[in-house]
Amino acid sequence: MARRKKESDVHKNPLDDNVHIKGAGFIQDEVITDTLKNNYMPYAMSVILSRAIPEIDGFKPSHRKLLYTMFNMGLLQGGTIKSANIVGRTMQLNPHGDAAIYDTMVRLSRGNEALLYPYVESKGNFGKAYSKNMMYAASRYTEAKLTPLCHELFDDIKLDTVDFVDNYDNTMKEPTLLPVTFPTILCNVTTGIAVGMASSIASFNLKEICDTTIVLMKNPDHVVSDTIVAPDFVGGGYILYDKKEFDKIYDTGRGSVKVRAKYTFDKKYNCIDITQIPPTTTSEAIIDKIIELVKTNKVKEINDIRDETDLSGLKITIDLKRGINPDVFMSKLYKMTPLQDTFSCNFNLLIKGKPVVLGVRNILLEWIDFRLECIRRRINFNLSKKRKQLHLLKGLSKILLDIDKAIKIVRETESETEVVPNLMIGFGIDEVQAEYVAEIKLRHLNREYILKRIKDIEQLENDIADLELTLSSKNKMKKIIISELENVTKKYDSGRKSEVLYDVIEDNIVETVEIPDYPVTLFMSEQGYLKKIKTANLRMSGEQKLKEGDKMLPEIECSNKNELLFFTNMQQVYKAKVDDFPDTKASVLGEYVPSKLEMGEGEQVSYMAVIDDYSGYMIFVFENGKLAKVDVSAYATKTNRKKLINAYSAKSPLAQALYIKEDTDIVLCSSSGRMLLINTAGILPKTTKDTQGISAMKLKKTHKVQSIHLYNPGEFEKEWRFRAKNLPAAGALPSEKDIAEQITF
């Protein structure tokens with residue numbers, strides 16, 4: 001049963017007893033800029049310095065922590081172990097959770113194919129960087145170890161070449177940088193988004209980078225572009241050579257690289273196999289874009305497209321229609337899809353704790369300084385070690401002069417603590433040397449053992465002299481770096497993955513696809529459904545299918561190569577090609593034109609004109625009796641615009657539109673029953689599409705023009721009654737015989 005609260009319990013403040021929070025309960029005004037500075041800036045700096053931007057060794061902190069953990073686990077040798085084990089151990093250095101650590105491992109792995117020179121040897125499903133759907137397996141199912149290349153990252157790490165700091169809970173030490181023996185920063189793609197800045201570093205061929213670094217050490221004025229051809233990406237593909245843009249990247253660290261997919265054509269199956277794509281896209285994005293182009297009739301050369309990626313690698317297959325030139329077709333896809341994409345370069349990295357954007361040349365110079373410092377620290381470490389060893393051996397050599405004396409001193413010394421001081425006095429050696437002598441086993445206190453040890457004194461003296469000479473000469477240290485770079489190139493160079501294309505003219509690569517020419521008949525309904533039927537198949541066609549309440553307009557015979565102008569009730573015209581509509585049959589409803597052409601809400605087709613060369617005129621008759629004659633060339637455009645606004649005047653409702661190839665007689669019909677016969681040659685054409693035209697037919701206030709049609713010779717018994725000498729004219733009422741003739745027509 002719940003205890004009833006006492007009144008004193010209810011009103012008691014838990015902070016009143018022993019806890020006091022400074023400033024609690026007080027509201028203090030603060031300048032917003034100070035709040036941002038105090039609260040947001042530490043976060044921003046943490047992201048920039050400790051998360052998103054790589055350093056001169058080529059790694060972000062998350063990469064470095066993972067690789068160093070794997071090195072400590074002995075994974076440079078032996079077999080692979082479970083990834084989950086590695087992830088768990090890495091959490092001792094990286095507190096950001098197992099998912100983030102495993103994501104990092106996946107990207108560094110050979111199996112994921114995200115890096116040109118991977119650092120993690122993978123076993124199991126590590127996904128693919130070029131496919132968003134090919135996800136990696138959970139860490140408990142996969143295994144990993146370090147690749148042989150990681151020897152170049154860790155072989156010097158125990159020789160005091162870099163600084164070590166405490167991990168996040170002060171229980172371990174971790175390196176601030178890795179003593180890499182080649183410029184890893186430029187050999188793998190590295191991207192990161194920080195706060196207010198980002199980094200995007202392209203990858204280059206290892207041999208080209210090492211060769212350039214060697215030449216720069218010999219000649220600081222070396223032109224980088226002489227030894228670095230272009231970036232190189234793990235996915236291969238073609239790189240479009242642009243010397244001006246590449247020089248900009250080499251000098252400033254900013255610019256862009258155009259990368260094209262690589263393909264082969266299979267004549268036997270008439271299909272294109274795409275096997276290499278740009279690093280900035282995925283196979284799914286490419287396929288989705290091509291499907292979209294097919295649906296919008298921008299690409300008509302394809303029968304089918306499918307993803308045939310398997311264990312052998314990436315493969316996108318495109319089945320072509322007969323007679324399609326594969327090279328011309330791919331040139332078209334390069335301009336319309338991510339099959340050609342741009343890698344944007346922003347070489348932003350941390351140099352001595354400060355983010356800077358540097359070109360390739362300056363990055364290599366900074367790396368040379370970094371590596372020189374590593375070499376200097378390594379030499380100092382080895383020098384100190386050899387000096388200490390020499391010092392000990394020189395003390396041992398003095399014992400050689402009288403071994404019996406040494407034994408006597410040790411034997412006659414009553415206290416253990418007095419052994420070292422007595423040896424120091426007896427042989428004139430220092431405490432370190434005396435401690436070393438005192439620790440020698442009794443079995444080694446013989447002439448043979450001591451002679452074997454002290455014969456290394458001369459070699460040590462020579463080694464120390466050489467190390468001191470090297471340490472005092474920057475050129476000698478550079479020779480060591482050059483030797484290491486040559487060794488790296490010899491062991492790990494695997495050639496370029498991306499092929500460079502020179503003198504590519506992109507502006508002229510798209511060629512218009514030849515549209516097949518054959519006679520067709522168009523059937524348009526009042527509600528906007530269009531059917532295209534091959535004229536040769538009309539004999540086999542049955543009755544035209546229509547929606548209930550719909551009505552078929554007069555059919556039009558034309559060529560499949562003709563163009564269509566769809567004038568709508570909102571004074572707009574939509575342009576299309578007859579070929580955009582598929583061949584069909586009478587038993588289907590056809591294509592709903594407003595949906596096909598993506599018309600606006602409530603927009604319907606008022607008239608369809610079939611044209612072939614933009615010659616002739618559009619006749620617009622309005623309900624107020626005005627008539628406009630517009631040259632069809634006014635609707636021609638140099639670009640492939642699909643919609644034109646202000647296609648005709650909006651001053652009065654449109655009664656009807658009519659397309660004529662040349663001047664001819666037309667008949668205007670009003671709601672009063674009157675008809676007016678006009679020859680369009682007497683009306684001046686306009687190039688302004690939305691012209692109001694001229695007053696053609698006189699109307700009473702309650703009447704309006706209803707329709708227009710081409711005059712059929714013999715339609716009127718007395719033609720002169722309907723033809724006016726001057727416009728506007730009222731026209732004439734047809735006789736009974738005229739009406740009978742019209743019914744016949």
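Since the model is a prediction, treat every value here as computed from it, not as a measurement.
- Using a 4.0 Å cut-off between a side-chain N of Lys or Arg and a carboxylate O of Asp or Glu, Lys295 and Glu292 do not qualify as a salt bridge.
- Within the structure, salt bridge (charged side-chain N to carboxylate O under 4.0 Å, His left out) contacts touching residues 679-695 (residues at least two apart or in different chains) do not occur.
- Under the 3.5 Å distance criterion, with hydrogens and angles disregarded, no donor-acceptor pair is assigned to the side chains of Asp341 and Thr281.
- Within a 6.0 Å radius of NZ in Lys651, no more than 12 heavy atoms belonging to other residues, nucleotides or ligands are found.
- With hydrogens and angles ignored, the 3.5 Å screen pairs no side-chain donor or acceptor of Lys596 with any backbone N or O of Glu591.
- Here salt bridge (charged side-chain N to carboxylate O under 4.0 Å, His left out) pairs that include residues 656-681, with residues two or more places apart or in two chains, are Asp612-Lys661, Asp613-Lys661, Lys629-Asp663, Asp665-Arg723.
- Looking at Lys258 and Glu245, no side-chain N of the basic residue comes within less than 4.0 Å of a carboxylate O on the acidic one, giving no salt bridge.
- Side chains of Leu684 and Ile694 form no contact here, defined as non-hydrogen atoms less than 4.5 Å apart.
- Formation of a donor-acceptor pair under 3.5 Å by the Ser670 side chain with backbone atoms of Val705 is not found in this model.
- With sequence neighbours excluded, the residues satisfying salt bridge (charged side-chain N to carboxylate O under 4.0 Å, His left out) with Arg306 are Asp304, Glu308, Asp319.
- Atom CG of Leu733 sits in a crowded spot, with more than 12 heavy atoms from other residues, nucleotides or ligands closer than 6.0 Å.
- In summary, the aromatic rings of Tyr607 and Tyr659 are positioned with their centroids too far apart to meet the 6.0 Å limit.
- Considering only heavy atoms from C-beta on, Val593 comes within 4.5 Å of Met599 through its side chain.
- Aromatic ring pairs are classed by plane angle as parallel below 30°, tilted from 30° to 60° and perpendicular above 60°; the pair Phe620 and Phe567 is perpendicular.
- Not one N or O on the side chain of Asn560 forms a donor-acceptor pair closer than 3.5 Å with the backbone of Tyr518.
- Rounding to the nearest 0.5 Å gives a distance of 10.5 Å between CG of Asn624 and CG of Leu654.
- For the ring pair (Phe, Tyr, Trp, His ring centres under 6.0 Å) condition, the pairs that include at least one residue of residues 528-557, sequence neighbours left out, are Tyr529-Tyr592.
- Listed for the Ser498 side chain is a donor-acceptor partner under 3.5 Å among the backbone atoms of Phe233.
- Within the 4.5 Å cutoff, the side chain of Leu339 has heavy atoms near those of the Met330 side chain.
- At a threshold of 4.0 Å, the pair Lys300-Asp579 counts as salt-bridged, since one of the basic side-chain nitrogens sits closer than that to a carboxylate oxygen.
- Taking the side chain to side chain contact (heavy atoms under 4.5 Å, CB included) definition, one finds that Pro728 meets it with Ser695, Lys698, sequence neighbours left out.
- Looking at Lys531 and Gln544, their side chains do bring a donor and an acceptor atom within 3.5 Å of each other.
- Remark: side-chain polar atoms of Asp232 are not paired, donor with acceptor, to backbone N or O of Ser203 under 3.5 angstrom.
- Proximity of a side-chain donor or acceptor of Thr282 to a complementary backbone N or O of Tyr130 within less than 3.5 Å is not detected.
- In this structure a side-chain-to-backbone donor-acceptor pair under 3.5 Å is present from Asn569 to Gln604.
- At least one donor-acceptor pair under 3.5 Å links the side chain of Ser671 to the backbone N or O of Lys704.
- Aromatic pair Phe722/Tyr711: centroids not less than 6.0 angstrom apart.
- At a threshold of 4.5 Å between non-hydrogen side-chain atoms, the residues Leu522 and Val578 count as touching.
- Checking side-chain atoms of Asn562 against main-chain N and O of Val610 turns up no donor-acceptor pair under 3.5 Å.
- Of the possible donor and acceptor atoms, one in the side chain of Ser200 sits under 3.5 Å from a partner among the backbone N and O of Ser344.
- Outside the 6.0 Å centre-distance limit, the rings of Tyr635 and Tyr614 are not counted as a close aromatic pair.
- The closest side-chain heavy-atom distance from Ile645 to Gln571 is not below 4.5 Å.
- Asp307 pairs by the salt bridge (charged side-chain N to carboxylate O under 4.0 Å, His left out) definition with nothing, not counting sequence neighbours.
- Annotation: side chain of Glu717 is in contact with side chain of Ser735 (closest heavy-atom distance under 4.5 Å).
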